[in-house]
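Here's the structure we're looking at; comments come further down.
Proteins get letters first, then strands, A, B, ... in listed order; numbering begins at 1 in each.
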Amino acid sequence: MLVDARLYLTSYVLDIVCLQMARDLQCSEYLQGLKKSLFSVHSIGENIKLLVDRPDGTYCFRLHNDRVYYISERILKLATNISRDKLVSVGTCFGKFTKTLKFRLHITALDFLAPYAKFKVWVKPGQEQSFLYGNHVLKSGLGRITENTNQYQGVVVYSMSDVPLGFGVAAKSTQECRRVDPMSIVVFHQADIGEFIRSEDTLT
Amino acid sequence: MGRKLDPTTYVKRGPGRKSRKQKGAETELTKFITEEETAQKRLSSRSRKRAGKRAQVTKKPKVTAVKEEPNKGFTDENSEWLKPAKRKREADHIDDDDDDDSDSQWEQEEDEEGEGQKKKGKRQLIENDDDDDDDDDDLVDDYGASEDSGEGEKEGESDEELLPIEKAAKKQKKLQEVMDQETDDDDEEEEEEEDKDGEKSGDEDMDEEDTVQVNIDEMDTFKLPKAEDIAKEGVMLVDLQTIHQRIKDNVDVLSHFSTKREGGKDRAEYLSLLKKDLSTYYSYNNFLIDKLLEIFPVSELIDFLEANEIQRPVTIRTNTLKTRRRDLAQALINRGVNLDPLGKWSKVGLVIFDSSVPIGATPEYLAGHYMLQGASSFLPVMALSPQEGETILDMSSAPGGKATYIAQLMRNTGVVVANDASADRLKSVVGNIHRLGVTNSVVCNYDGRQFPKVMGGFDRVLLDAPCSGTGVISKDPAVKTSKDESDIQRSAHLQKELILAAIDSVNAESPSGGYLVYCTCSIMVEENEWVVDYALKKRNVKLVPTGLDFGKEGFTRFKERRFHPSLKLSRRFYPHSHNMDGFFVAKLKKFSNTVPTTTVDNGAVEETEPSGDVKVQSDSFDEEKPFKAGSKNKSKKQKPDGKPVVSQATANGKSAKSIAKKTQKNENPTVPKKAKMDNETEKVDKEINKSNIVKTDKETSKEGSRFQKKGDKQRKSHIQSKKRIGKNKFNKLKKLLKNEFGNEHL
């Protein structure tokens, strides 16, 4: 069942309007997970509106099989023809809810999050491969970092040629980054595009 | 004389003192040669020699000869006896030959430069050298190449400079006669011909080379120890070289059968031996070799089999949603990849020659800038040519290359439904879709045959049907031995069902579409033309040009089958002729949403489906509905199908009859209601009412049987045996009829 999770974000209130529930759980639980991961950590909160109301139509988030998909309404209509158990994927999968209802962002959301990212980290060419294998970013591999990054802030990792490589969480604030020794971790790895090869199965 | 015939000597030009000195021999010679050239166009070998000698009057060859030795002859060990031929072509000038690399003069004699002058200059040198060598031996060995200069060989042939031996080999194939004596001396083949004359009577291990001449003898020895030999071959280790040579000769004989055959041996024997050899050499099973022989002529078959042994080049498709081909090529070259654009026919394809990094793992790949895809897989999507804003279905989409290409062509507008029957392989579809940044897709896991029921009314449908894979043997050599008749039949059956389902999913009324592209990666006619022909018969579709201007046309007839003539609009691609995987593409246009019913065999009721329903609904935006109507039509079809089987006994499945049957059923309440089958009722009705609605021979015979009931009924007639009435019922009926007729008469 597709649950309509339309998210209206204001600075103070998050509302979810659930049309159908697949389970007995409350929507708000889903919401909590989403809120924490998508909005607080990565703080694209304000930009959600931009994602939903796009010039080429209204887009929405739908929950299907524990995954959140981002699709336009037109596709949504078509997809209702397909029975639940046969539907594998619609539009773009942003992430999934784990068994304990934590929301895990997938790398597949990168294309949409990257343009709205406020805090970015650039990785040196040598360290690129290492990050793509799933390792954290060390100080030695850090090329640039946006100013005023707080600790534990969600960041988008780029290569020096401005190709987005994945997400992470800043382990240190910008100020601290300047001072630490080269072998310490500055960005915790969350998702990278190497996962398309490494763990293709988890995408579905 | 101080003139040296040496291309490396630099001739000074310009107004200086030194340039006024004597120039090199080359420049002097060319002047002579030009004069002569203008005089005559074509020279025979001897006249050329003479001309060359005349030109070299003042030449001092010896010194240069020493220098030139490495260049004159072939540089391999055959240089002693293998002399290059004189060029027939005229040499005008030798301009900058001095700078030419002496080695490049002639080894390959390839002429990629396109500078006629340089070429001729070189040849000039060659000629001169030759003359030196040939002083002793007046004969110039050109392997018979010049012999037939008058026979239609043009000067223009010089465009591709073949080694003389290659040219001669070409001629030999054309000639039906044995080669001439001149060539015999230096001919490689000839040399080994002598070896080969010790024939392999029962000795399969001997290394032999055949020529045309001795091929006939060869064939003799094939046949001679027939049974023993083959048995021996099976037991002993087979010498692949021998077999390969035998194949070549066999093909040669078969191509010129009337002239090269051995008397008394018919074509079938050669063919059977060839089949056996091919199976052994290329490791195919007999079934497949037979099938391939039916499709290809023998010489092309060899090319095909050879092409299947090597891999096709790796190709990638640029993802225009994220980058441009130019930029991608640049980025990959920076990483150390050697690549080229794929061809004129594709704007997004790149072919990879070699690469220092794994192509499937570059950051560009991970960022979704390109996708690894076979060149042949571009074709069906190009044929489909999806437009922006359309609804497209890809029925068999794993691993997702075509579906993503479709989405890319539509610029992420519209909807692409990517379906596949295998849930496992769908993971790769999802992965690719996300990686390449496709946002307008729906991925589902249905059996393609169910599709019209799930969803219909697509603007375009692409069906890349699962097949036997005989076109991609280079990717999967297991196909060579694992396919047999039943596999092909099973594939063909599935494909027919799928294509009908695909046709039913297309909306013919679509403003911009109504197309279906059917493609397979197989070269078998049963899976390609036959399936399309079947679809043409069963549905309201027609073939349209694919839009691909290269490729072989599909067959319109094959063995005993005849297909619709429009089949030649479909396209076939082969590994040996197009350097891509074997492929078949056909584009169909649906011109009506109605489903024609079958008027054959079944006796199905003829209902032209109410097109009104479907049309109205298809106009609406909702795509769901139209094919609910479609499915209704189908179910309508289902019902009457149940009956005709029963009524078949009496009728020949004509519509009139079935209608008659219906009316009769209504008209006769007087008939005692027993658990009878419909046809019995009908029979009774007819006989009682003496209705002459339809009379067939069988009916007349039945009427006649009124008066000879017993005999007739006891004799199991064709009709009655079909009905399979139980014995008791039968007797009851008999009695009933007897009574009734008895009453009537009375």
More than 12 heavy atoms of other groups within 6.0 Å of A/K139 NZ: yes
Examine whether an atom of B/A361 lies under 4.5 Å from a heavy atom of chain A, and if so say whether it belongs to the side chain, the backbone or both; otherwise answer neither. both
Which value, rounded to the nearest 0.5 Å, describes the distance between B/I433 atom CD1 and A/T108 atom OG1? 11.5 Å
If one checks every heavy atom of A/I82 against chain B at 4.5 Å, the contacting part turns out to be both
Report which part of A/E195 has an atom under 4.5 Å of a heavy atom belonging to chain B: side chain, backbone, both, or neither. neither
Not counting sequence neighbours, which residues clear ring pair (Phe, Tyr, Trp, His ring centres under 6.0 Å) with B/Y405? List them please. B/F378
Would you give the length of the straight line joining atom CG of B/N445 to atom OG of A/S83, rounded to the nearest 0.5 angstrom? 9.0 Å
Checking B/T439 against A/Y70 for the side-chain hydrogen bond (donor to acceptor under 3.5 Å, both in side chains) test, could you report, in this order, the C-alpha distance in whole Å, the side-chain angles of both residues, the deciding distance, and whether it holds? CA-CA 8 Å; B/T439 53; A/Y70 172 72; over 6 Å; no
To the nearest 0.5 Å, what is the distance between NZ on B/K453 and CG on A/N81? 14.5 Å
Minimum-distance pair of heavy atoms, taken over all atoms of A/I197 and B/G360: CD1-O, 3.1 Å
Reported CD1-to-CZ distance for the pair A/I193 and B/R435, which is rounded to 0.5 angstrom: 9.5 Å
With a 4.5 angstrom heavy-atom cut-off, is it the side chain or the backbone of A/S159 that approaches chain B, or both, or neither? neither
With a 4.5 Å limit on heavy-atom distance, are the side chains of B/N440 and A/R74 in contact? no
Between A/I107, A/L165, A/T92, who has the most heavy-atom pairs with chain B when the cutoff is under 4.5 Å? A/T92
Which atom pair, heavy atoms only, marks the closest approach of B/H434 to A/S89? CE1-OG, 3.9 Å
Tell me, side chain or backbone of A/S72 under 4.5 Å from chain B's heavy atoms, or both, or neither? neither
Intermediate values then yes/no, side-chain contact (heavy atoms from CB on, under 4.5 Å), A/D111 and B/K322: CA-CA 10 Å; A/D111 284 339; B/K322 291 197 174 182; 3.5 Å; yes
Checking heavy atoms, do the side chain of B/V438, its backbone, both or neither come under 4.5 Å from chain A? backbone
